[in-house]
Amino acid sequence: MIRVYNTLTGQKEDFSPISPPRVTMYVCGPTVYGPAHIGHAKTYIVFDVVRRYLEYRGYDVEYVVNITDVDDKIIARSNASGEPWNELAERYAREFLEEMDELNVLPASKYPRASGNIHEIIADVLKLVESSHAYVVDGDVYFRVESDPDYGKLSGRRLSEMRAGARVEVDERKEHPMDFALWKAAKPGEPYWESPWGRGRPGWHMECTTMSTRNLGPQIDVHGAGADLIFPHNENEIAQSECLTHKVPFVRYWMHSGLLQLEEEKMARSVGNVLSVPGILDRFGADAFRWYVLSTLYRRSVAYSEEAIEFAARTVRRVSSAAALAPADAKPDLGHYAEQRSAFEAAMDDDFNTPQALAVLSDLAREASRLGSSGEDPSPPAALLREFGDVLGLRLEVGAAERARNAEPFIDLLVEVRGELRRAKQYALADRVRERLRELGIALEDVPGGETRWRAEE
RNA sequence: GGCGACGUGGCCAAGUGGUAAGGCAGGGGUCUGCAAAACCCCUAUCAGCGGUUCGAUUCCGCUCGUCGCCUCCA
């Protein structure tokens, strides 16, 4: 039985989807006004692993990630640069999807865009106005938080406890300071759509309600997001959705991933302390970053540390070369490694405890290497290692072997020649071959029995 | 001011009411012409103070510290 920590209840709960084996999963995607950063990458890696593990467990996951392409910041950027807002958004959306692919994040079933759902959003806002959950002021439409007695249940706050106006000026036109915009009237020079309330665009939270309910139904199993979205975004989503559909709960399991911290502060584009995804990929590789992310519980925040990613890279290298000891078509030996499988599953069942799952991979890697170096067959543990790596989204490719593939016959030839030199005790020359190859990124290792292995390094 | 999370070996990080996984680093070995890699062995009493308990790192309270949210934000 899988147990999932639910932000709504603050407890781990047994996972039982509405209509198994189907699992509906919605994760809040990025606002595409600029490049994504590795904090986004952490979140989508986390939910990628959730999705992969649910599939491993036999569920049929329908996974939707929205892309927010209508937003104040996009408009501001567009006005500043002269690039049309929709082209700008599309450019960053494409970049985001490419980066996710490089991070080995499986594609979602759908990536709905706010701009593609305007009519549906208007229809939903209209319903909320008609049912008195929302009201119109000067072409804006606001959600009436006091019309929802449950408002605040996700973030655990009461309207009376919140300091309205503590950090933001209160808009006097609103009935309650916490009322939030479902629809915003367009100012001159801003993109707009025609609506019953005049020209305007969707507000901040409405798109997620419209797109999740239209794509996955009024009630969904899992809703994921970064922890910074708990309030107000996810809170508002619940209020809108439940008042709209009258189906409670809107979401069975709310999951939130801990934020990536940089220099004692969360990484955020608004703070300005961001590191790009390509930068990390170039320096450490997708597996190293993923291993680093998964070596902490997903709910915890993580302090960014280059040293830690380097260590993860080293571990990944060791584990990858152990995984390479199994032929691609090898079947794991269930008889001998049932214990590791149940340890892996027990870890993952317990709210996706990836640090413990990684410990199992470490064990298997050691076992495979040990068998390999003692002349026994390392395939069974190595094959299982690959299987688990796949569940966690780790490619476990042996370094840059892929890239070296074309040069393989020539490298083999050099290795062969060096072997001859060694047998002739021409060590100086043999070492020169090894050194030169190393400079070219090919590391040689002499294993017992006179054989020599090589592998490509970063 | 309110809500919440966290504080485990040199570093990172799981976990449990009955003396603590894993990774990295470090020390010692095996292997090797040397090297590299790999493998084997070794290294903690869990922020502090009280309380509950036969027994707490694990439960409760307080203190200190760190962080998140209360505004857009993965």
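Owing to the predicted nature of the structure, the values given are computational and were not obtained by experimental measurement. Just so we're on the same page: letters track the sequence lines, and every chain starts at 1.
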### Message
If you take any heavy atom closer than 4.0 Å to RNA chain B, which residues from residues 27-51 of chain A end up in contact?
### Response
A/G29, A/P30, A/T31, A/H37, A/G39, A/H40, A/T43, A/Y44

### Summary
The side chain to side chain donor-acceptor pair (under 3.5 Å) partners of A/D221 (sequence neighbours excluded) come to A/T24

### Query
B/C34 pairs with which nucleotide, Watson-Crick or G-U wobble, both distances below 3.5 Å?
none

### Task
Determine whether any donor atom in the side chain of A/D446 lies under 3.5 Å from an acceptor atom in the base of B/C34, or the reverse, and answer yes or no.
yes

### Query
Residues in salt bridge (Lys or Arg N to Asp or Glu O under 4.0 Å) with A/R300, at least two apart?
none

### Query
Across all strands shown, which nucleotide pairs with B/C39 by Watson-Crick or G-U wobble geometry, both distances under 3.5 Å?
B/G29

### Task
Go through the N and O atoms of the side chain of A/K73 and the base of B/C73, and report whether any donor-acceptor pair is under 3.5 Å.
no

### Near-strand residues of residues 419-435 of chain A, defined as heavy-atom separation under 4.0 angstrom from RNA chain B
A/R422, A/Y427, A/D431, A/R434

### Phosphate-side-chain proximity, A/R300 and B/G68, N/O vs OP1/OP2 below 4.0 Å
no

### Message
Tell me which nucleotide, if any, is Watson-Crick or G-U wobble paired with B/A20 when both distances must be under 3.5 Å.
### Response
none

#### Entry: Pairs satisfying side-chain hydrogen bond (donor to acceptor under 3.5 Å, both in side chains), at least one member in residues 381-394 of chain A, at least two apart
A/R341-A/E387

### Message
Under the rule for side-chain contact (heavy atoms from CB on, under 4.5 Å), what residues qualify as partners of A/S301, not counting sequence neighbours?
### Response
A/Q261

Return the polar atom pairs (N/O with N/O) between nucleotides 22-26 of chain B and the protein under 3.5 Å, or none.
from  : atom 1 : to     : atom 2 : distance (Å)
B/G23 : OP1    : A/R366 : NH2    : 2.1
B/G23 : O3'    : A/T315 : OG1    : 3.3
B/G23 : O2'    : A/T315 : OG1    : 2.7
B/C24 : OP1    : A/R318 : NH1    : 3.4
B/A25 : OP1    : A/R314 : NH1    : 3.0

### Query
Considering every strand shown, what is the Watson-Crick or G-U wobble mate of B/G7 when both distances are under 3.5 Å?
B/C64

### Message
Counting only side-chain nitrogens and oxygens, does A/R299 get under 4.0 Å of the OP1 or OP2 atom of B/G4?
### Response
no

Show me the donor-acceptor pairs within less than 3.5 Å that the side chains of residues 96-104 of chain A make with the rest of the protein, sequence neighbours left out.
from   : atom 1 : to     : atom 2 : distance (Å)
A/N104 : ND2    : A/G393 : O      : 2.8

### Query
Got a sec, which residues hit ring pair (Phe, Tyr, Trp, His ring centres under 6.0 Å) with A/F47, two or more places apart in sequence or on another chain?
none

#### Entry: Qualifying salt bridge (charged side-chain N to carboxylate O under 4.0 Å, His left out) pairs, either residue in residues 29-49 of chain A, two or more places apart
A/D48-A/R52, A/D48-A/R290

### Query
Quick one: ring-ring contact (aromatic ring centres under 6.0 Å, His included) pairs with a partner in residues 355-390 of chain A, sequence neighbours left out?
A/F344-A/F388

### Message
For a side-chain hydrogen bond (donor to acceptor under 3.5 Å, both in side chains) check, start with the C-alpha distance between A/E207 and A/T68, then their side-chain angles and the critical distance, and finish with the verdict.
### Response
CA-CA 8 Å; A/E207 62 183 75; A/T68 299; 2.5 Å; yes

### Query
Taking only residues two or more places apart in sequence, or in another chain, which ones meet A/E439 in a side chain to side chain donor-acceptor pair (under 3.5 Å)?
A/R436

### Task
For B/G1, give its Watson-Crick or G-U wobble partner with both distances under 3.5 Å, or none.
B/C70

### Task
Rounded to whole angstrom, note down the P distance from B/C70 over to B/G15.
27 Å

### Query
Just how far, in rounded Å, is P of B/A35 from CZ of A/R418?
13 Å

### Message
Please report the distance, rounded to the nearest Å, between CE in A/M348 and C1' in B/A14.
### Response
14 Å

### Query
So is A/R422 actually on top of A/Y427's ring, under 6.0 Å and inside 45° of the axis?
no

### Query
Can we say A/R3 and A/D349 salt-bridge, meaning some charged N sits less than 4.0 Å from an Asp/Glu carboxylate O?
no

